Structure formats: structure tokens, C-alpha cells
Amino acid sequence: MRAYGRSTLVLAYPALVLGMFLLVPFGIMAALSVFRRVPAGTFEPAMVPDNYLNLLTPFFLDRIGFTLGLSAAVAVVCVALGFPFTYLLTRLPRRRQVPWLVFLLAVLALSEVIVGFAWSVLLSRTAGLSNLLVWLGLLSQPESWAPGLTAMMLGLCYLAFPYTVLVLYPSLSRLDPSYLEAARTLGASPLRGFFGVIVPVSRPAILATLVMVFVFALGAYVLPQLLGRPQHWTLAVHITDQALSRSNVPAAAAMSITLLLASLALVLVTAALGNRRKEQP
Amino acid sequence: MRALAGIFMGLIGLVLAAPLAVVAGISLNQRKMMLFPPQGLSFQWYGELFRDEGWRNAMLNSLSLALCAALFATSIALPIAYAVWRWNSRFARALHAMGSTPFILPPVITALGFLVFWTMSGFYGSFGAVVISHGIFLVTLPLITVSLGFAGIDPAYTEAAATLGADDRTVFRTVVLPMVLPYVVSGFVFAFVISLNEYIISYMVAGFTVETLPIKVFNSIRYGYTPVMAAVSVVFILVALVAFGLVGRFGDLPRLLGAWAPKD
């Protein structure tokens, strides 16, 4: 009984703060998503599904489809490159992993604004990669490669790659080295051992990482504006656009809640699958 | 095979470093131009960052915001992680899950939640509102590191202290806290660096009143290029490298990021 009292005492402050500043804002947002918008740019309490139904118009369906497709592409590219990279990284001695981890964390922490700016410079005509190709004689004149869909994909993969590595890192660094040794003893080449043994035993981790990176890419907000054109705007940009430029907060709230439920469902299902595997190996 | 692996890792490293190197290069241009390789060599744009009032204010805003937000986030995470480790009650675990949620979700969701909350409560645009919003958003980071710290404590130490008659509070102060302190500091550093770089939440909570560095860079991009933007980017890269470098130097970075400790 006394322990129970002490635990309540210790948790009173975090519970209060999280309740007040996390649950309440999300609650208000959920409520707003069913409010009725009035033309003056405000809203009135109601219980209408209009804001959700609006998402089913061709314009938003197209935006949702584009955002999902883009995030899926980013997730696939990042895991395809990140998995072998992380595997090799975890095979290094710990001391040599640290500089890589520091570098990856530093890139991961970089503001989307700075990543977007850096890539727009790298793809620009005056300071960009095309100058290198001109110098090598592969191109006759420097060109500008941004904004565009390719530029945006590059930027998004750059943003998500360190995240991918850090999500894969725990499971790959705990991978039993005897798997590959066994394959090697049985005469498999390192490449065959990697694809025949390491990849199959890591399938749960790969699936979980695909989902995590997918959700991470859904959040991209600055890059589509800096490296893409308006037709490349993602759902995150449109949510802000509805809330700030069009003062249609109920619409933004409905989009936000939809995105919230979809992401949460994906993450929870993945976590549950992971736990079930752990219990029955 | 070894060489091939080295080349693959090197290439990835090169791609990761390339945009940063080009930005560092253009920050050194003598004139207000975006040229790479830079023409002339000048550090004046770094000086501009301190001389120009707008950039200086943005820098001060960002620094004070990141400090306060990281402190706030750590202060919430420590009791939750302690309670999960000490009692593992359902309530503690629920708070732990709650604290981990906003960071996994697309940040725009949390940002909109805060926008409506602060507008309704009348604090929209205030510095305090941004601090609290960032703090809540970043709780996850110290929560992860501090929980790892508690998990690494050998129960023999706390049992010994309890056998010698120390109560919970004394055990916490004299045994537990010193052992988790490095993890608390790492969590603080992680939260500090991410807050410094965060854009969308600050923008939606106080984008027009509290101008942070990322907001100012983004606004400047719309009005055209100035090499100060490149200089700011370099400062950000250096801050992150130094901060995580220190964590890597004094802490066990592989373990913090989820590898087993060597003794496991």
C-alpha cells in the first residue's frame, strides 16, 4: 500500500503534464474534426462527418494516394540500402562503430529545413553536382535539377536513411554471428550467406523497419516545399495549409486525425506482430 | 569481399556528406553568391550571424528554447522511467507509452494539436507555449535513454543499500541517481539537439512571434539566397557532431542505440 502511494506521488507531475499538454490537445483536435465550419473562417460546435467526407473528394484522394506512394517508395529505397549498410556497420568492432553512429545521428538531427537547403544547393546550377559532370566532360553545360520529383525523392531518402539505420541497428547488432559462420562453414559465399541466411532471419526486423520509415516519411513537411513543386505537396503540407492559409481548422483536424489513426494502427500492429514472434520463437 | 563492403559503406558516407560539404563550401564565398567551389575565402558570413540583429535574435531564441525544452522533457521522463523500473505499475507503463507516442507519429499531427490548444487557451505565439510543446514532443528521447540506464543497474547495489538500512529516497539519491546520471545527460543532449533543429511545431505554435533559426532560414529561402544560411547550416552540423561526439566519447553510444552491452 505504501509503495502504491509513493508511486502515485512520483508519477503525479508527469501524469499531470502529459494529460494537460498531450491528451487535452489531441482531444480538442478530435472534437474540432467533427465541428462545422462557418464561412467567416471560424467554426461552431457540431457533430458532423463533413470534414471527413471532404477527404473523399478526388483532390484529397489524389493527395493521399501520392503521399502514401511516396512514403512507400522512400521506405523501400531506404531499407534496401540501409539493411546491408547496417549489417556491415554492426560487424565492425564497437570502437569503429562510434564515429559512424555519431555521424548518422548528426545527419538525422539536422533540421528538414537545412537538409532541404543543402540539397537545393547540391542540385543547383551554380554550385551543384552538374558542375562536376561538366568538369568530367559528361555534360556540356551545368543544369539545375531542383525542384522536381527526383530532387524530392533524393532529399526524403537522405532524411530517412539515418533513421532507417538506427531502427535496424538494435536487431542487427544482436544478431548471432554463428548464423553466418555456419553458412560459411557449409561452403556458402559471403554474399550467398547474407541473402540466404541473414536476410531471411531478419525478415521481422525488415518489415517493422519498413513500417517505421513509412510513417517517418509521412511526416515530411519542409522538403516537399523546398525540393518539390505544388503538385508534389504531401498531406502534411496540406494540413498546415488548411489550418494556417485557409483558416479551415476543422478540415485540418480531420486530416490530422485520419493520419494519426492510420500511423498509430500501422505502428501498433507491427509492434504486436513483433511481440508475438518474441513469445513463440 | 572485405574491400567491397568498405567501398559500399564509403559510398554511402560520401552521399551523406556531400550536401553538407557543398554547403560548407558555399558559406566561404567572398561575395554574396552561391558558388562551389567558393571564390575567395572569407569567414564574414559567420560573423554576420552574430552582428546582424535578426540572426542573433533567432540564435538566442533557438538556444534558450532548446535548453528549456530539453530540461522540461528530461524532468518528465526521469520520474516515469524510475516508476517503471521501481514498481512497473500499469499506470507507469501507460505513461511510458503515452510519452513515446508523439515522437513516432508524423510531427504535423502534434503540431496541429498544439496549435488549436494554445489558440484556445490564449497562449498562442508565446515563448512558454513553444517550450512546453517541444518538451512534450521530445519526452521520448530522455525516456528511452533513462530507461536504458535503469535497466543497466545491478540489483545487488540497491539491495545492499537497502540491507544497510537506506530508505527508498536515500537509495535513489546515493546509488541510483549517480548511476543513471550519464543516461539522463545523454537524453538531455538528444532532446536539446532535436529541439534546436525542429521546425514545424515551433512554426505552428509561434511561427510569427518566436523566430527560431530553422524558421528564419526557411523564411530567408523564400526571399532569396544569402550565404548566412549556409553558415547557419554549418553551425548546426557542427553542434550536432560535437554534441553526439561527446556522448560517444563519454558514453556507450552503441548501447544507447540498442546494442547489448559488451558484458551481456
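Since this is a predicted model, take the numbers as computed values, not measurements. Computed from heavy atoms alone, side chains included, the values below leave out hydrogens, waters and symmetry copies. First the proteins, then the strands, lettered A, B, ... as listed; each starts at 1.
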Undergrad: Checking heavy atoms, do the side chain of A/P84, its backbone, both or neither come under 4.5 Å from chain B?
TA: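 Contact with chain B involves both backbone and side-chain atoms of A/P84.
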Undergrad: Counting only heavy atoms closer than 4.5 Å, note whether A/L104 contacts chain B via side chain, backbone, both or neither.
TA: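 The side chain, not the backbone.
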Undergrad: Is B/F218 in contact with chain A via its backbone, its side chain, both, or neither, using a 4.5 Å heavy-atom distance?
TA: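 For B/F218, backbone and side chain are both near chain A.
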Undergrad: Verify, without hydrogens or angle tests, whether A/T67 (side chain) and A/L235 (backbone) share a donor-acceptor contact under 3.5 angstrom.
TA: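 Side chain of A/T67 to backbone of A/L235: a pair is present.
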Undergrad: Distance-only, no hydrogens or angles: does the B/S233 side chain make a donor-acceptor pair with backbone N or O of A/F117 under 3.5 Å?
TA: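 Side chain of B/S233 to backbone of A/F117: no pair is present.
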Undergrad: Not counting sequence neighbours, which residues clear salt bridge (charged side-chain N to carboxylate O under 4.0 Å, His left out) with B/D168? List them please.
TA: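 Once residues adjacent in sequence are excluded, the partners of B/D168 under the salt bridge (charged side-chain N to carboxylate O under 4.0 Å, His left out) criterion are A/R6, B/R86.
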Undergrad: Heavy-atom distances under 4.5 Å only: say whether A/V10 touches chain B with side chain, backbone, both or neither.
TA: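 Both parts, backbone and side chain.
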Undergrad: Is the OH atom of B/Y124 crowded by more than 12 outside heavy atoms at less than 6.0 Å?
TA: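 Enclosed: over 12 neighbouring heavy atoms sit under 6.0 Å from OH of B/Y124.
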Undergrad: Counting only non-hydrogen atoms closer than 4.5 Å, does A/Y221 touch chain B with its backbone (N, CA, C, O), its side chain (CB onward), both, or neither?
TA: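 For A/Y221, the side chain is the part near chain B, not the backbone.
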Undergrad: With a 4.5 angstrom heavy-atom cut-off, which part of B/P102 approaches chain A: side chain, backbone, both or neither?
TA: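 For B/P102, the side chain is the part near chain A, not the backbone.
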Undergrad: Counting only heavy atoms closer than 4.5 Å, note whether B/I132 contacts chain A via side chain, backbone, both or neither.
TA: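 The side chain, not the backbone.
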Undergrad: Name the region of B/A230, side chain, backbone, both or neither, that has any atom closer than 4.5 Å to a heavy atom of chain A.
TA: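 It is both, since atoms from each part get that close.
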Undergrad: Between A/L92 and chain B, with a heavy-atom cut-off of 4.5 Å, which part of the residue counts as in contact: side chain, backbone, both or neither?
TA: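 Contact with chain B is through the side chain of A/L92 alone.
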Undergrad: By a 4.5 Å heavy-atom criterion (distance strictly below it), what part of A/L154 contacts chain B: side chain, backbone, both, or neither?
TA: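 When you check distances to chain B, no heavy atom of A/L154 falls under 4.5 Å.
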Undergrad: Using only atom types and a distance under 3.5 Å, with no angle test, would you say the side chain of B/S62 pairs donor to acceptor with the backbone of B/L213?
TA: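 Yes: the side chain of B/S62 pairs with the backbone of B/L213.
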Undergrad: Is it the side chain or the backbone of B/I221 that comes within 4.5 Å of chain A heavy atoms, both, or neither?
TA: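 B/I221 touches chain A through side-chain heavy atoms alone.
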